[in-house]
Protein chains: 2
Amino acid sequence: MEKYLKILKEKGIKVTAQRLEILRFLDTHHTHPSADEIYIELKKRSPALSKTTVYNTIQSLKEHGLLNTVNVDSHESRFDSVINPHHHLLCSACGNVIDIEIECPYTRKMLAGGHRIDEVHGYFKGVCKDCLGGE
Amino acid sequence: MEKYLKILKEKGIKVTAQRLEILRFLDTHHTHPSADEIYIELKKRSPALSKTTVYNTIQSLKEHGLLNTVNVDSHESRFDSVINPHHHLLCSACGNVIDIEIECPYTRKMLAGGHRIDEVHGYFKGVCKDCLGGE
DNA sequence: CTTCAAATTGAAATGATTACAATTTGACAA
DNA sequence: TTGTCAAATTGTAATCATTTCAATTTGAAG
Ligand SMILES: [Mn+2]
Ligand SMILES: [Mn+2]
Ligand SMILES: [Zn+2]
Ligand SMILES: [Zn+2]
């Protein structure tokens with residue numbers, strides 16, 4: 001509650017009820033939701049919410065470094081308020097996007113072949129541990 | 001010419017003029033073109049070409065392992081007939097997609113945290129060597 | 001309380017991709 | 001060579017995520 005208000009104020013982002021709700025949702029649901037999933041869920045408690053506001057807020061939070069976009073699924077973007085560098089797996093069985101914490105040396109930003117690297121995205125496609133029916 | 005005909009026959013893909021042209025274009029232009037770029041370019045010499053055919057052919061070639069999709073640019077897919085595993089950089093200055101040949105241990109498919117990995121995609125965003133104006 | 005730039009809203013536009021039905025074509029056999 | 005037919009091609013229309021836009025509302029400052 002106060003936590004999100006504080007985050008917005010620290011970043012100098014104007015505080016609105018919609019931004020607080022979206023920020024809270026992302027912070028309490030680490031499921032890498034799409035814009036539509038955020039919209040559907042929050043509209044239950046805030047029926048006046050507009051999908052445009054979801055997109056606007058996502059962009060604002062992204063510009064201030066409070067969330068990252070996950071494009072492992074090419075047909076829609078997903079969003080992640082966990083901003084420490086990590087990779088993602090899209091499970092073709094359950095559709096979930098799962099965090100992959102691997103020690104890839106390129107997880108941290110650096111130079112590769114003379115190019116300047118600003119962002120690193122590691123995307124895997126496969127079948128998650130749970131769907132494999134493992135022990 | 002004969003090269004592409006041979007490739008299609010070996011894979012058991014029915015040979016058509018459109019498939020030969022698209023395959024040749026991808027093999028001679030390693031620029032990671034979008035479906036629209038392939039369409040625009042080939043339509044110059046084959047005015048009857050349909051964009052649907054470009055999409056259909058891309059899917060067919062992909063299913064037979066003759067091309068990969070590059071989704072470093074979230075708003076449109078790009079295509080690559082170089083099928084050995086490698087990563088990609090999207091330059092925010094010139095818009096080009098450049099191959100990144102790095103020794104990431106996850107370039108080859110393997111298991112990570114109990115999940116089964118079928119595809120590995122490494123996407124970088126930044127500014128390419130040429131646009132940096134470096135020596 | 002007033003003010004006003006910024007945020008929100010809903011509707012319309014955009015743009016990549018897919019679905020579909022009619023037409024054409026490639027491979028094969030007569 | 002010709003006939004056949006499943007598969008490929010084509011153009012149009014539909015889909016769907018995302019963006020644009022103008023009107024309305026709201027948060028923060030004074
Ligand atoms: Mn994540
Ligand atoms: Mn490539
Ligand atoms: Zn799964
Ligand atoms: Zn460049």
Side-chain angles (χ1 to χ4, degrees), chain A residues 2 4-23 25 32-43 45-64 66-67 69-79 90 95 97, chain B residues 2 4-23 25 32-43 45-64 66-67 69-79 90 95 97:
Chain A
E2 290 303 307
Y4 307 111
L5 192 141
K6 190 179 172 188
I7 292 173
L8 292 181
K9 283 188 173 174
E10 278 176 355
K11 290 287 180 178
I13 305 171
K14 193 188 238 187
V15 176
T16 68
Q18 294 89 342
R19 287 173 173 176
L20 287 170
E21 289 295 334
I22 291 170
L23 188 56
F25 182 77
H32 310 95
S34 64
D36 199 57
E37 286 168 344
I38 296 170
Y39 171 71
I40 294 291
E41 190 58 33
L42 296 189
K43 202 169 176 66
R45 298 201 165 257
S46 311
L49 180 67
S50 164
K51 196 178 283 188
T52 302
T53 297
V54 174
Y55 280 104
N56 288 341
T57 300
I58 285 167
Q59 181 171 356
S60 178
L61 295 177
K62 183 196 275 193
E63 286 170 351
H64 288 87
L66 292 173
L67 73 82
T69 302
V70 176
N71 284 315
V72 65
D73 188 352
S74 65
H75 94 285
E76 67 178 353
S77 291
R78 293 163 173 271
F79 305 97
L90 173 63
V97 172
Chain B
E2 292 301 308
Y4 307 110
L5 193 142
K6 191 179 173 190
I7 292 173
L8 291 181
K9 283 188 172 173
E10 279 176 353
K11 290 287 182 177
I13 304 172
K14 193 186 236 185
V15 176
T16 67
Q18 294 87 343
R19 286 173 175 176
L20 287 171
E21 289 295 333
I22 291 169
L23 188 55
F25 182 78
H32 311 92
S34 64
D36 198 57
E37 286 169 344
I38 296 170
Y39 172 72
I40 294 292
E41 190 57 33
L42 296 188
K43 202 169 178 68
R45 297 201 166 259
S46 312
L49 179 67
S50 163
K51 196 177 283 186
T52 302
T53 298
V54 175
Y55 278 105
N56 288 341
T57 300
I58 285 167
Q59 180 170 358
S60 179
L61 296 178
K62 183 195 276 195
E63 285 170 352
H64 289 86
L66 292 173
L67 74 81
T69 303
V70 176
N71 284 316
V72 65
D73 188 352
S74 64
H75 95 285
E76 68 179 351
S77 290
R78 293 162 173 272
F79 306 98
L90 173 64
V97 172

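All values derive from a computational prediction rather than experimental measurement.
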Participant: Using only atom types and a distance under 3.5 Å, with no angle test, would you say the side chain of B:T57 pairs donor to acceptor with the backbone of B:T53?
Facilitator: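 Checking the backbone N and O of B:T53 against the side chain of B:T57, a donor-acceptor pair under 3.5 Å is found.
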Participant: To the nearest Å, give me how far apart CG (A:L49) and P (C:dT8) are.
Facilitator: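 Result: 9 Å.
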Participant: In whole Å, I'd like the distance from the CG atom of A:L8 to the P atom of C:dA6.
Facilitator: 17 Å
Participant: Scan A:N56 against the nucleic acid and name what it touches under 4.0 Å (heavy atoms): base, sugar-phosphate only, or nothing.
Facilitator: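 Base contact.
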Participant: Provide the closest heavy-atom pair for A:L20 versus A:L5 in the form atom of the first, atom of the second, distance.
Facilitator: CD2-N, 3.4 Å
Participant: Please determine whether a side-chain nitrogen or oxygen atom of B:Y55 lies at a distance below 4.0 Å from atom OP1 or OP2 of C:dT18.
Facilitator: no
Participant: Identify, between B:I13 and B:A35, the residue whose nearest nucleotide on DNA chain C lies closer to the 5' end.
Facilitator: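 Per heavy-atom nearest nucleotide, the more 5' residue is B:A35.
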Participant: A side-chain contact here means heavy atoms from C-beta on lying under 4.5 Å apart; do A:S60 and A:R19 qualify?
Facilitator: yes
Participant: Nearest-Å distance, CD1 (A:I38) to P (D:dA17)?
Facilitator: 14 Å
Participant: Can you name the nearest heavy-atom pair linking A:E41 to A:F25, along with the distance?
Facilitator: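 So the minimum-distance heavy-atom pair works out to CG-CE1, 3.3 Å.
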Participant: Nearest whole angstrom, please: distance from the P of C:dA16 to the CG of B:D73.
Facilitator: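 Those two atoms, CG and P, are 10 Å apart.
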Participant: Ignoring backbone atoms, establish whether A:Q18 has a side-chain N or O less than 4.0 Å from OP1 or OP2 of D:dT26.
Facilitator: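 Checking D:dT26 against A:Q18, no side-chain N or O comes under 4.0 Å of OP1 or OP2.
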Participant: Rounding to an integer number of Å, can you tell me how far B:H75 NE2 sits from C:dA16 P?
Facilitator: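 Distance check: B:H75 NE2 to C:dA16 P gives 5 Å.
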Participant: In whole Å, I'd like the distance from the CD atom of A:Q59 to the P atom of C:dA6.
Facilitator: 15 Å
Participant: Please give, in whole Å, the distance from C:dT14 P to B:D36 CG?
Facilitator: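 Going from CG in B:D36 over to P in C:dT14 covers 16 Å.
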Participant: Taking all non-hydrogen atoms of both residues, which atom of B:H32 and which atom of B:R78 are closest, and how far apart?
Facilitator: O-NH1, 3.0 Å
Participant: Can you identify which nucleotide, out of D:dT10, C:dA27, D:dT18, has its nearest atom closest to the B:K14 side chain?
Facilitator: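 Of the options given, the side chain of B:K14 lies nearest C:dA27.
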Participant: With sugar-phosphate meaning primed atoms plus P, OP1 and OP2, does A:T52 contact a base, only sugar-phosphate, or nothing at under 4.0 Å between heavy atoms?
Facilitator: base
Participant: Round to a whole Å and report the spacing from CG of A:L5 to P of D:dA28.
Facilitator: 8 Å
Participant: When the nearest nucleotide of DNA chain C is assigned to B:S77 and to A:Y39 on a heavy-atom basis, which residue is associated with the more 5' position?
Facilitator: A:Y39
Participant: Is there a side-chain polar atom (N or O) of B:T16 under 4.0 Å from OP1 or OP2 of C:dT25?
Facilitator: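 Indeed not, no polar side-chain atom of B:T16 lies that close.
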Participant: Can you identify which nucleotide, out of D:dA8, C:dA6, C:dA16, has its nearest atom closest to the B:E76 side chain?
Facilitator: C:dA16
Participant: Base, sugar-phosphate alone, or nothing: which one does A:S60 contact when heavy atoms must sit under 4.0 Å apart?
Facilitator: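 The answer is nothing, as A:S60 stays clear of every strand by at least 4.0 Å.
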Participant: Looking at D:dT9, D:dT10, C:dT9, which one has an atom nearest to any side-chain atom of B:R19?
Facilitator: D:dT9
